[in-house]
Structures are given as structure tokens and as C-alpha cells.
Amino acid sequence: MKQYDVAIVGGGISGLASAIYVARSGYSVILLEKSNQLGGRGQTIRKKKAMLNLGVHAFYQDGKGESVLKELGISLKGANPSASAVGVWKNKVHAIPTGPLQLFSDNLFSLKGKMSLTRLMLKLNKIDTEKIGTISLKEWAEKEIHDPMVRFLLYAISRSNTYVPYPDLHLAGPALRQLQRTFSGKVMYIREGWETIIEDLTNQATLLGVTIMNHRNVSEIKYDSRVQKIVFNNGETLEVPKVIVTAGLEETYHLVNGAENTKLALWKSQARPVHVACLDLVLRKLPQPDADFIAGFWIDQPIFYNNPTYVTKMSDDGSVVIHLAKHLGTSTGNPKLDLHELEQAMDVVQPGWRVEEITRQFLPHMTASHDFNSLDRNDFSPGPSVPEIPGLFVAGDWTGRGELLVDASLDSAKRAALAVIEELKVEGDMYGHRRVIQRT
Ligand SMILES: Cc1cc2nc3c(=O)[nH]c(=O)nc-3n(C[C@H](O)[C@H](O)[C@H](O)COP(=O)(O)OP(=O)(O)OC[C@H]3O[C@@H](n4cnc5c(N)ncnc54)[C@H](O)[C@@H]3O)c2cc1C
């Protein structure tokens with residue numbers, strides 16, 4: 001193989017973003033993806049005439065993720081729904097009052113509850129989340145919201161927009177920031193799926209000369225006093241001085257022989273990956289045209305309903321895409337039972353859907369995030385370097401600084417890339433090395 005300055009393991013959003021930053025600085029980059037497709041969890045699958053993200057995907061704007069994409073010259077194309085959501089309680093569907101005019105229209109909340117919800121909505125965006133301190137979302141909510149039903153609704157919305165079903169463990173700051181974006185209309189559904197983001201990132205990387213290789217399964221990163229080479233599962237090797245791994249925490253740990261003697265061990269011991277069971281449906285049409293809303297929050301079960309076609313194009317023939325998610329938290333779930341519950345949930349919000357089904361994808365155990373901002377972490381700043389192994393860097397959702405999901409992925413990708421660039425620059429200056437610049 002040719003020589004490269006930097007190898008990036010993983011061709012998802014983090015890997016592609018890191019590759020662009022490094023290549024922009026003039027260094028040569030190879031990106032290695034084990035599967036036959038780029039995109040990782042950001043892929044969109046075409047089924048019949050529909051485009052299915054891997055489970056419900058919404059882009060929360062005005063955060064680190066969007067700002068990184070902007071820096072990379074990528075603008076998001078999609079739509080932000082105006083509030084149109086329901087709450088489900090004891091298998092009954094209720095509109096969620098979103099303004100004073102709806103205060104008297106629904107019976108999910110007592111009048112006191114409705115007032116409390118309105119107050120919360122008015123207050124939420126004024127909260128300075130940086131100043132909340134190290135308390136949990138639950139602790140914050142119990143202090144600020146007196147109506148228990150409103151608290152439960154808040155937990156349900158938070159669970160749906162963070163994938164963290166643990167209000168007692170989830171740091172209030174990051175959780176409230178995500179709620180602020182939700183309540184202020186910063187939730188974007190990407191037209192034709194997240195694959196469009198992957199395509200834009202891939203095009204940028206290719207234009208900058210990044211060598212992209214699929215079917216390249218990395219099995220080990222060899223090092224002595226510093227990173228030496230990458231070993232592939234077919235026994236081939238690639239000598240390279242810097243590696244950014246974006247493959248997820250567990251996978252990263254296994255790629256490093258002796259990881260137990262590094263910071264990776266601490267990061268792994270504190271991590272709480274959160275999982276979700278996803279049922280993605282394509283329907284000819286909504287069986288209940290009146291039941292046309294973007295989101296459904298189950299208050300007494302960890303279930304979420306989402307119809308992105310309410311606001312944006314997700315099919316070529318007008319078919320409707322529905323995502324249902326059961327939040328599993330850190331548990332592995334029970335695929336048969338979870339599927340049954342998701343189908344039953346659909347019966348509640350869209351009775352008659354079964355005859356409209358064209359196709360589906362069931363993903364019983366997706367990792368929405370390899371870690372979250374939990375109160376009991378020991379280290380709130382994992383990465384970007386693995387201090388014991390010079391030349392090794394990490395990026396991905398578990399290496400955030402209080403961000404969530406793709407915000408954490410993209411911001412950490414930038415952080416890792418900048419750290420690598422800095423090192424290459426210093427080493428180049430120190431040893432008079434010429435940069436290896438290759439365009440393929
Ligand atoms: C069901 C679900 C719903 C989600 N919803 C949202 C949402 O609404 N909003 C939001 O912001 N985020 C959401 N996310 C999270 C978002 O999808 C991720 O943050 C983002 O796609 C992660 O990108 P990544 O590159 O960090 O990781 P990944 O996409 O996981 O990419 C890692 C890549 O590394 C590759 N790889 C792994 N091991 C190796 C190896 N040994 N050698 C070579 N390659 C390897 C993998 O094949 C993969 O392509 C959701 C995730 C899921 C699963």
C-alpha cells in the first residue's frame with residue numbers, strides 16, 4: 001500500500017468529517033470502512049420507493065453538529081415541523097397543548113397541568129443550561145415542575161430526543177439544551193434521508209483526495225512507543241503514523257492490544273451505551289388521515305412514533321414513512337416482544353395500518369449512542385488522544401463534551417482532526433519532514 005500521513009478507521013459521519021478536516025490541511029488521508037457502504041448509522045436504505053433512515057433520525061439544529069457541517073461547506077436540506085404532536089397515556093391518544101388557545105381542548109392534563117406546561121414552554125428557552133450545575137434532569141424537573149404529568153411528558157420528550165431513558169442519571173444541562181431546540185423548532189427532518197449528508201461528505205472527501213476504501217476491516221492497531229501500523233483482518237498491514245478511530249468505544253478497545261493499560265479502560269468502564277429497537281414502516285397512505293402528526297410520545301411506555309413524511313419527502317411515490325422506536329436504554333431487549341409492542345403502539349395511533357403496509361425494516365438492537373452524559377462519569381472529556389499511545393486518536397458520540405448524538409460525533413471528529421494536524425505540523429517542523437501529499 002501507499003504511504004499516508006493519517007488513517008481513519010470507520011466511514012460514518014465522524015470518519016468522513018475527520019478525513020475532510022485533515023485533507024484540507026494538505027495531509028494525505030486514507031479512510032477505511034469495514035462494510036461495503038459508507039455512512040454507518042447515518043445510512044438511508046431504499047426500500048420500494050421509500051427512503052428509510054436506520055430508525056428515526058432528526059437533526060437538531062443550532063448546535064455543534066450543524067456548525068461543523070457548515071465549516072465543511074455542507075448545508076442541511078429538510079424541513080422543520082411546526083408543533084404537531086400527541087401524547088399517549090394508557091393507550092389513549094391526546095393532543096399535546098402547545099399554546100394558550102389549546103389549554104381547554106384536551107384532557108390529558110388537569111387545568112393546573114396545562115398551565116404548568118405553558119409556563120414550562122415559556123420558560124425553557126430562557127434557561128442558561130451552562131449554569132445549571134451537575135444535577136440530573138430529574139432533580140431539575142422535580143424542583144421546577146410541580147405537575148407530575150407534565151414531568152412525565154418532559155421525560156418522554158427528552159427520552160425521544162436523546163435516547164436516554166434515565167432522567168435520574170442524565171445531566172440536566174445537555175438534556176435541557178436538546179429540549180430547548182425541540183421546543184423552539186430546531187428539529188430538522190432531512191429530505192430523502194441522512195444519506196444525503198453522507199453523500200455530501202463523501203463528495204467533499206473525494207474532491208480533497210482522500211483515499212476511501214470499503215471492505216477494509218481493521219483488526220488491530222499496532223504500536224510500541226507510538227502507533228506503527230494497522231493490521232487488517234485478512235492479515236495485510238498498513239504503516240501509518242497517525243490513526244483516528246471512529247468505530248465506537250467497544251470496537252476501539254478491541255483494536256488496541258493492551259487497551260486495559262490505557263485511558264480506554266476508564267472510558268469503557270464508565271460508558272453506558274443506549275440502544276433502541278426500531279420498526280420502520282412504509283405505508284401506502286395513513287389509514288387515519290385525521291391522525292396526521294409528526295410525533296407521538298408514550299408517557300407510560302418507552303415508545304416514540306414519528307412520521308417524517310409529515311414535513312419532508314421520504315419517498316418517490318408519496319408513500320408514508322413511519323418510524324417507531326422502543327427505547328431499550330442499556331438493556332439488550334427482547335426482539336420478539338419489542339416488535340409486538342411496537343406493532344401494538346401503531347394500532348393505538350394509526351388503527352388500520354396493517355392493510356396499508358408496503359414494506360418494513362425491523363432493527364431490534366441499534367446503538368443510538370455509545371455513551372451519554374451521565375452524572376456518575378469519572379471523565380467528562382474522553383479523547384481526542386489516547387495519552388498512552390502517541391499517534392492514536394478517537395472520535396465519535398462517546399467522546400463528546402456535553403453534546404449529544406451526531407453533535408458529539410461531528411464535534412469530536414473536528415477535535416480529533418485538529419489534534420492530529422497540530423501534531424503533524426509540530427513533528428514536520430521538528431524533523432524537517434516533508435508532508436506526504438497524495439492525490440489519487
Ligand atoms: C436508531 C438511531 C437513531 C438515531 N437518531 C438520531 C437523531 O435523531 N439525531 C441525531 O443527532 N443522531 C441520531 N442517531 C445517532 C447518529 O446516527 C450517529 O451519531 C451518527 O450516525 C454516528 O456517526 P459515527 O461516524 O460517529 O459512527 P458510525 O455511524 O457508527 O460509524 C462507524 C463506522 O465505523 C465502521 N467500523 C466499525 N468497526 C470497524 C473496523 N474494525 N474497521 C473498519 N471500519 C469499522 C462501521 O462499519 C461504521 O461505518 C441515531 C442513531 C441510531 C442508531
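One-based numbering along the sequence shown. Order of listing sets the numbers, starting from 1, for every ligand and every atom in it.
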Are the charged groups of [X] and [Y] less than 4.0 angstrom apart, N to O?
X    : Y    : answer
E423 : K242 : yes
E260 : K268 : no
E239 : K229 : no
E71  : K414 : yes
D128 : R177 : no
K48  : D316 : no
K77  : D200 : yes
E357 : R284 : no
E341 : K326 : yes
R377 : D371 : yes

What is the nearest protein non-hydrogen atom to [atom], stated with its residue, atom name and distance?
atom                    : answer
atom 12 (N) of ligand 1 : L405 CB, 3.3 Å
atom 24 (P) of ligand 1 : S14 OG, 3.4 Å
atom 1 (C) of ligand 1  : L54 O, 3.3 Å
atom 34 (O) of ligand 1 : G10 CA, 3.2 Å
atom 37 (C) of ligand 1 : A247 CB, 3.5 Å

Show me which atoms of ligand 1 lie under 4.0 Å from any heavy atom of [X].
X    : value
A368 : 15 (C), 51 (C), 52 (C), 53 (C)
V276 : 1 (C)
R216 : 42 (N), 43 (C)
G40  : 29 (O), 48 (C), 49 (O)
T246 : 32 (C)
L32  : 43 (C), 44 (N)
T367 : 53 (C)

Does any N or O atom in [X] lie less than 3.5 angstrom from one in ligand 1, N or O only?
X    : value
V9   : no
D397 : no
E33  : yes
V218 : yes
R41  : yes
S409 : yes
K34  : yes

Only heavy atoms count here, so choose which of [options] is nearest to [atom].
atom                    : options          : value
atom 16 (C) of ligand 1 : H57, M366, E251  : H57
atom 3 (C) of ligand 1  : Y189, Y163, W194 : Y163
atom 31 (O) of ligand 1 : G42, G12, A58    : G12

Can you list the residues that meet the side-chain contact (heavy atoms from CB on, under 4.5 Å) rule with K285, with sequence neighbours excluded?
-> E356
Just heavy atoms, cut-off under 4.0 Å: does V56 contact ligand 1 by side chain, backbone, both, or neither?
-> backbone
At under 4.0 Å between heavy atoms, what of C278 touches ligand 1? The answer is side chain
What do the steps show when you test F293 against Y305 for ring-ring contact (aromatic ring centres under 6.0 Å, His included), and what is the final call?
-> CA-CA 10 Å; F293 42 81; Y305 164 100; 5.3 Å; yes
Sequence neighbours excluded, every pair satisfying side-chain hydrogen bond (donor to acceptor under 3.5 Å, both in side chains) that has a member inside residues 295-304 |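 Output for this query is empty, none listed.
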Parallel, tilted or perpendicular for Y166 and F372, by the 30°/60° rule?
-> parallel
